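Shown next, in structure tokens, is the structure this report addresses.
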Protein chains: 2
Amino acid sequence: MREDPKKRVAEQIASSLRERILGGRLPPGEALPSERELAEQFEANRSTVREALHRLEAVGLVEMRHGGATRVRDFLVSAGLHVLPWLIAPGGRVDEAWLRDLHEVRAMFLSFCAEQAARKATIDDVEKLEALAAQLADPKAKPAQLQRLDWSFFEALVATTQNRILTLITHVVHDVYVQHAPRFAAIYEKDVFDARHHAHAALAIRRRDAAAAAAAMRRYAESALRGRP
Amino acid sequence: MREDPKKRVAEQIASSLRERILGGRLPPGEALPSERELAEQFEANRSTVREALHRLEAVGLVEMRHGGATRVRDFLVSAGLHVLPWLIAPGGRVDEAWLRDLHEVRAMFLSFCAEQAARKATIDDVEKLEALAAQLADPKAKPAQLQRLDWSFFEALVATTQNRILTLITHVVHDVYVQHAPRFAAIYEKDVFDARHHAHAALAIRRRDAAAAAAAMRRYAESALRGRP
DNA sequence: GACATGTTACTGGTCGGACCAGTTCGCGGA
DNA sequence: TCCGCGAACTGGTCCGACCAGTAACATGTC
């Protein structure tokens with residue numbers, strides 16, 4: 001319950017409650033203290049507490065019922081994808097199990113995007129992907145640069161699919177990456193990162209070879225697993 | 001701006017603004033009227049308006065800055081997957097382009113889940129999937145029943161993967177399905193729906209044949225496209 | 001004793017008005 | 001012309017009151 005003067009009070013309260021819920025200290029079904037009680041505990045106004053509670057409600061972590069108590073919902077049953085950034089690192093420490101799940105989904109994503117991209121890419125799309133692949137192949141590039149370029153490649157791939165739902169999912173994944181960028185740095189070390197996969201994918205997309213593009217990206221995603229600590 | 005006494009006032013205001021944003025009448029970058037002004041327009045208290053604005057902020061539709069104006073964000077750049085239920089049917093009418101995107105993602109999802117399920121399924125999982133596939137094959141089942149069973153099969157498949165990120169994504173898709181269930185009913189008509197795909201997938205999962213399971217579910221997803229109006 | 005009922009003490013929802021705290025922008029002086 | 005200061009915005013927090021549902025307990029009836 002430390003103070004971070006940067007954050008708004010409401011966000012501090014929301015963070016505190018969110019951690020307790022995702023950390024399991026407030027189990028599903030449990031009734032939260034009343035708003036008036038929370039206001040006293042956090043030494044804040046009830047309106048401010050309400051604001052915090054509404055943030056939690058908006059992402060499906062609690063259920064507020066007029067007249068009844070505000071209860072913790074089971075986020076594995078009710079919450080949407082947007083809780084992921086908090087789930088990955090509850091209390092600042094990255095959770096290995098969630099990370100594994102993320103890498104699996106990432107592999108599915110990359111390969112599917114490559115497949116769709118091969119079907120829908122325009123010349124401009126192809127050239128952009130090839131340009132990024134070329135930059136990724138630069139032996140002088142530092143890991144941090146590679147990380148940025150790799151993300152750009154991913155974004156370009158998603159944009160090429162012209163599927164806006166994939167774009168929406170990407171935003172959430174992006175939130176995870178920016179919040180925990182150092183955690184993924186190991187993937188981009190010299191021994192692990194191999195930009196040839198990107199070049200293969202770009203080439204396959206140019207040739208409209210959906211299967212080859214998907215295979216290249218899948219190989220890349222699986223090779224990145226070796227960079228995991 | 002009609003009144004629905006069931007919904008809370010704050011939710012009415014949020015819905016109204018959400019529709020304007022997603023409908024494009026409030027373009028990205030545009031500044032919303034001040035909270036005091038909105039309170040007057042909606043004949044509500046400023047606290048209530050703030051509550052509505054916070055709901056929009058929580059899903060990435062607006063950006064509130066202390067001292068500055070609250071501005072509309074570009075949801076294709078900033079919003080997460082959770083806006084999907086509203087995007088699919090802006091103003092009550094289902095958007096065909098979004099529906100097409102959804103079907104694409106659905107196909108990816110089903111096939112990937114089947115593939116992972118084949119790798120991770122326990123005996124219990126397999127039996128549950130086979131039981132559902134058997135029920136789906138019942139020639140006397142009505143379309144509405146098939147729709148429910150098909151969803152159960154999907155959920156069981158996702159649960160079998162033991163990947164909780166897939167579960168989170170599923171929740172959002174579920175929201176879309178329950179909100180627009182009639183829209184998807186055509187998929188389950190006698191001429192279109194073919195439960196043999198489910199049986200094939202279940203069998204492949206039992207045999208731990210990931211490729212076959214993925215292929216079966218992909219065929220199913222693609223066959224369902226024929227049911228689209 | 002079992003059950004319907006009404007009272008009451010909670011819960012969250014809305015209100016209004018006040019003040020604090022940042023941003024923006026234009027007016028005025030150097 | 002340019003800089004800087006301040007007024008007039010913006011959102012953020014607080015207070016205290018009251019409205020509106022819920023749930024549980026006490027009561028009365030059969």
Side-chain angles (χ1 to χ4, degrees), chain A residues 1-18 20-21 26-74 78, chain B residues 1-18 20-21 26-74 78:
Chain A
M1 231 179 283
R2 62 216 133 334
E3 306 296 326
D4 178 356
K6 290 175 192 172
K7 282 199 239 178
R8 302 274 88 87
V9 178
E11 180 51 32
Q12 289 177 38
I13 298 174
S15 294
S16 173
L17 292 173
R18 190 160 41 221
R20 290 192 215 171
I21 293 172
L26 281 174
E30 179 125 333
L32 262 61
S34 74
E35 297 177 348
R36 292 162 178 86
E37 217 167 313
L38 286 171
E40 207 170 336
Q41 283 182 28
F42 286 103
E43 293 177 339
N45 189 273
R46 193 182 145 211
S47 326
T48 309
V49 169
R50 279 179 65 71
E51 196 177 308
L53 289 175
H54 281 118
R55 297 190 187 207
L56 302 183
E57 192 199 23
V59 295
L61 288 181
V62 301
E63 178 183 15
M64 303 174 78
R65 266 176 45 220
H66 191 175
T70 297
R71 295 185 172 277
V72 178
R73 301 180 68 180
D74 185 348
S78 64
Chain B
M1 227 180 285
R2 62 215 124 343
E3 306 296 329
D4 179 355
K6 289 175 193 171
K7 281 198 240 179
R8 303 272 89 89
V9 178
E11 180 51 33
Q12 289 177 38
I13 299 174
S15 294
S16 173
L17 292 172
R18 190 160 42 220
R20 290 192 216 171
I21 293 172
L26 280 173
E30 179 125 332
L32 260 61
S34 75
E35 296 177 349
R36 292 163 176 88
E37 218 168 309
L38 285 172
E40 207 171 335
Q41 283 181 29
F42 285 102
E43 294 176 339
N45 189 275
R46 194 182 146 212
S47 324
T48 309
V49 169
R50 278 179 65 72
E51 198 178 307
L53 289 174
H54 282 119
R55 297 188 187 206
L56 301 183
E57 192 198 23
V59 295
L61 288 181
V62 301
E63 179 182 15
M64 303 174 79
R65 265 176 45 219
H66 190 177
T70 296
R71 295 184 173 279
V72 178
R73 300 181 67 180
D74 186 347
S78 62

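Order of the sequence lines fixes the chain letters, A, B, ..., with proteins taken first and strands second; residue numbering starts at 1 for each chain. Values in this document were obtained by computation on a predicted structure and should not be read as measured data.
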* To do: Name the residue closer to the 5' end of DNA chain C, choosing between Leu32(A) and Ser47(B) according to the nucleotide with the nearest heavy atom.
  => Leu32(A)
* OP1 or OP2 of dG22(C) sitting under 4.0 Å from any side-chain N/O of Arg65(B)? -> no
* Asked: Does OP1 or OP2 of dC15(C) have a side-chain N or O of Thr48(B) closer than 4.0 Å?
  -> yes
* Asked: Out of dG13(C), dG11(D), dT11(C), which nucleotide sits closest to the side chain of Ser34(A)?
  -> dT11(C)
* Does the side chain of Leu32(A) reach to within under 4.5 Å of the side chain of Leu53(A), using non-hydrogen atoms? -> yes
* Nearest to side-chain heavy atoms of Ala44(A), which nucleotide of dG13(C), dC14(D), dT14(C) -> dC14(D)
* Asked: Does a distance-only test, which skips hydrogens and angles, find a donor-acceptor pair under 3.5 Å between the side chain of His66(B) and the base of dG11(D)?
  -> yes
* Give the rounded distance in Å between these two atoms: CZ of Arg46(A) and P of dG13(C). => 8 Å
* Nearest whole angstrom, please: distance from the P of dC14(D) to the CZ of Arg50(A). => 15 Å
* Would you check if the side chain of Ser16(A) reaches a backbone N or O of Gln12(A) as a donor-acceptor pair within less than 3.5 Å? => no
* Asked: Out of curiosity, Leu38(A) CG to Arg46(A) CZ, how far, rounded to the nearest 0.5 Å?
  -> 11.0 Å
* Would you call Glu11(A)-Arg18(A) a salt bridge at under 4.0 Å N-O? -> yes
* Rounded to the nearest Å, what distance is computed from the CD atom of residue Glu11(B) to the P atom of nucleotide dG13(C)? -> 12 Å
* **N or O in side chain of Thr70(B) less than 4.0 angstrom from dG11(D) OP1/OP2** => yes
* Whole-Å gap separating P (dG13(C)) and CZ (Phe42(B)) -> 19 Å
* Structure fact -> Taken to the nearest whole Å, CD/Gln12(A) to C1'/dT13(D) is 12 Å
* For the pair made of CD in Glu63(A) and C1' in dG21(D), what is the distance, rounded to whole Å? -> 15 Å
* To do: Answer yes or no: does a side-chain N or O of Asn45(A) lie under 4.0 Å from OP1 or OP2 of dC15(D)?
  => yes
* Given side chains that start at C-beta, do those of Glu35(A) and Met64(A) come closer than 4.5 Å, heavy atoms only? -> yes
* **Short side-chain N/O contact from Arg71(B) to OP1 or OP2 of dT10(D), under 4.0 Å** => no
* **Value in whole Å for how far the P atom of dG11(D) lies from CD of Glu51(A)** => 13 Å
* Whole Å only: how far is the CD atom of Glu43(B) from the P atom of dC15(C)? -> 10 Å
* To do: Would you tell me if any nitrogen or oxygen in the side chain of Arg36(B) comes within less than 4.0 Å of OP1 or OP2 on dT10(D)?
  => no
